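What follows is a short report on a single structure.
Bear in mind the structure is a predicted one, so any value in this text is a computation, not a measurement. When a residue number appears, it is its place in the shown sequence, counting from 1.
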Amino acid sequence: MTVLAKLTRAQKAAAILVAMGKPSASRMLKFFKQEELKALIEAARLLRTIPQADLEQIVAEFEAEFMEGAGLLDSADDMNAILTESLSPEEMNAIMGRGSSGMQEVLTPVWPELQRVDPARVAGFLNVEHPQTSAVIMSKLAPTAAANVLLALEKPLRGEILKRMMSMGVIPDTATQIVENQLRNRVLSERATKDISAGQSRVASLLNEMEKDQADEVMRDLELEGTSNLDGIRARMFSFEDVVFLPQKARVLLFDGLSTETLTLCLRGAPPELAEAVLSSISARTRRMIESELGQGADEVAMSDVLSSRRAIASTAIRMSLEGAFELPNTQSAA
């Protein structure tokens with residue numbers, strides 16, 4: 001019986017991985033399940049030198065393509081080296097069934113916590129990761145959180161990640177555990193001291209409930225007191241008066257679907273420049289109706305109702321920006 005005929009499927013797989021070399025094999029190993037990795041280790045221990053002709057036949061069976069010059073083999077040692085460089089000691093222990101109790105903390109889900117991290121911070125992590133790893137992470141996030149992270153990435157990387165997400169199959173548990181461990185060590189562990197976005201959002205939400213001149217006064221007081229990180233707060237602030245700074249496309253999206261009554265109410269007493277920014281973003285028919293209504297006057301309209309409608313529109317703009325419809329002007333200037 002030939003050497004090839006004696007090999008099991010696990011031994012053939014181990015032979016191909018060793019022939020690929022450490023860099024390529026290391027990336028492949030991250031997508032094996034724990035039981036599969038254990039089988040590969042056991043198979044490699046029994047594997048000896050394989051003739052080149054037999055190796056080529058193994059490769060043909062697996063329908064894979066390899067670069068020239070791949071040589072073999074002290075398989076057990078090579079497989080050991082690949083695994084040692086690819087996986088942490090805790091992960092190796094879990095695969096081999098050693099010290100399993102210490103692995104429980106690594107398996108703790110990190111995705112709900114990651115979704116509370118500033119999208120720009122997550123995007124910064126993904127920028128230096130392999131697109132396949134990024135695709136795994138994005139596929140685990142809730143759609144809204146993933147969309148916000150995607151918008152924070154550069155366009156070429158967005159497309160690469162989305163392509164990989166579309167072609168992605170079932171993600172092995174081992175790969176998920178490795179990714180979770182890296183996220184915990186490199187992103188979540190620094191969040192408590194470095195990620196202050198949650199506090200900035202709370203302050204900005206409070207200021208957005210004030211009139212623009214009141215909010216500006218509070219910000220000036222904070223500046224005089226030497227408060228740091230004010231740019232992060234400004235990037236989350238938006239008032240109805242800021243509509244004039246939105247691009248035309250964003251204004252059209254914002255006012256589309258709002259009732260004529262709401263639009264008329266928010267324009268009561270508005271400066272000409274602000275009124276034109278709104279009116280130029282709606283249909284000609286709706287504009288004529290609003291201008292006609294405004295021309296008749298409305299002494300009985302309470303200013304509190306006007307201000308309430310303006311705050312509602314500002315809140316809608318903030319919500320739409322978080323959903324990725326457009327960027328707020330302060331976000332653009334602070335970037």
Side-chain angles (χ1 to χ4, degrees), residues 119-120 143-144 147-148 150-152 155 200-223 230-335:
T144 300
N148 290 333
L150 192 69
L151 290 169
K155 289 185 178 180
Q200 292 174 338
S201 295
R202 284 193 291 270
V203 174
S205 296
L206 183 121
L207 296 178
N208 283 329
E209 291 299 315
M210 301 180 182
E211 298 305 315
K212 182 174 176 57
D213 57 346
Q214 295 172 330
D216 290 343
E217 182 180 355
V218 172
M219 289 296 290
R220 284 194 297 271
D221 291 342
L222 291 174
E223 286 179 347
L230 291 182
D231 284 344
I233 297 175
R234 290 192 183 94
R236 293 166 172 79
M237 291 176 61
F238 187 83
S239 67
F240 178 70
E241 289 78 5
D242 293 326
V243 162
V244 296
F245 301 115
L246 285 174
Q248 176 72 7
K249 183 178 179 181
R251 293 201 302 267
V252 171
L253 290 172
L254 175 59
F255 297 125
D256 182 42
L258 293 181
S259 67
T260 302
E261 180 182 358
T262 298
L263 292 173
T264 303
L265 191 59
C266 75
L267 291 179
R268 295 287 181 187
E273 181 184 11
L274 179 56
E276 181 58 29
V278 175
L279 295 171
S280 64
S281 305
I282 58 179
S283 69
R285 178 176 177 275
T286 303
R287 175 172 183 156
R288 287 195 298 271
M289 292 173 59
I290 293 174
E291 287 178 329
S292 175
E293 184 69 22
L294 291 174
Q296 295 176 12
D299 297 334
E300 70 280 5
V301 176
M303 193 61 190
S304 60
D305 292 337
V306 174
L307 297 178
S308 178
S309 68
R310 292 179 179 180
R311 280 195 293 269
I313 291 174
S315 297
T316 300
I318 294 170
R319 176 182 57 78
M320 293 178 69
S321 73
L322 292 174
E323 293 172 351
F326 51 78
E327 291 185 0
L328 298 180
N330 282 333
T331 303
Q332 296 166 341
S333 61

Any donor and acceptor pair, going by atom type alone, linking the side chain of Ser308 with main-chain N or O of Ser304 inside 3.5 Å?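 Between the backbone of Ser304 and the side chain of Ser308 there is no qualifying donor-acceptor contact (under 3.5 Å).
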
Return yes if some donor-acceptor pair links the side-chain N/O of Ser292 with the main-chain N/O of Met289 below 3.5 Å, else return no.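 No: the side chain of Ser292 does not pair with the backbone of Met289.
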
Under 4.5 Å between any side-chain heavy atoms of Met237 and Met219, yes or no?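 Yes - at least one pair of side-chain heavy atoms lies under 4.5 Å apart.
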
Residue pair Glu241 / Arg310, side-chain heavy-atom distance below 4.5 Å: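 Result yes, sub-4.5 Å side-chain heavy-atom pair found.
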
Could you state the interatomic distance from [atom1] ([X]) to [atom2] ([Y]), rounded to the nearest 0.5 Å?
X: Thr286; Y: Glu291; atom1: OG1; atom2: CD; result: 11.0 Å
X: Leu267; Y: Ile313; atom1: CG; atom2: CD1; result: 7.5 Å
X: Thr262; Y: Asp305; atom1: OG1; atom2: CG; result: 11.0 Å
X: Arg311; Y: Ile318; atom1: CZ; atom2: CD1; result: 12.0 Å
X: Ile282; Y: Ile290; atom1: CD1; atom2: CD1; result: 3.5 Å
X: Ser283; Y: Phe255; atom1: OG; atom2: CZ; result: 13.0 Å

Check side-chain hydrogen bond (donor to acceptor under 3.5 Å, both in side chains) between Glu276 and all other residues, then give those that pass, not counting sequence neighbours.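 Partners of Glu276 under the side-chain hydrogen bond (donor to acceptor under 3.5 Å, both in side chains) test: Arg287.
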
Sequence-distant partners of Thr144, side chain to side chain contact (heavy atoms under 4.5 Å, CB included), two or more places apart: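 Per chain and number, Thr144 pairs via side chain to side chain contact (heavy atoms under 4.5 Å, CB included) with Asn148.
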
Of all heavy-atom pairs between [X] and [Y], which one has the smallest distance, and what is that distance?
X: Pro119; Y: Ala152; result: O-CB, 4.1 Å
X: Ser281; Y: Ala277; result: OG-O, 2.8 Å
X: Leu253; Y: Met320; result: O-CE, 3.5 Å

Around atom CD of Gln248, are there more than 12 heavy atoms of other residues, nucleotides or ligands at under 6.0 Å?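 Counting neighbours around CD of Gln248, more than 12 heavy atoms of other residues, nucleotides or ligands fall under 6.0 Å, so yes.
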
Go through the steps to decide whether Phe240 and Val306 satisfy the test side-chain contact (heavy atoms from CB on, under 4.5 Å), and finish with yes or no. CA-CA 11 Å; Phe240 178 70; Val306 174; over 6 Å; no

With no hydrogens and no angle check, just 3.5 Å: does a side-chain donor-acceptor pair link Ser239 and Asp242?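 A pair is found: one side chain offers a donor N or O, the other an acceptor, under 3.5 Å apart.
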
Could you tell me which residues satisfy salt bridge (charged side-chain N to carboxylate O under 4.0 Å, His left out) with Arg251, sequence neighbours excluded, listed by chain and number?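 With sequence neighbours excluded, Arg251 shows a salt bridge (charged side-chain N to carboxylate O under 4.0 Å, His left out) to no residue whatsoever.
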
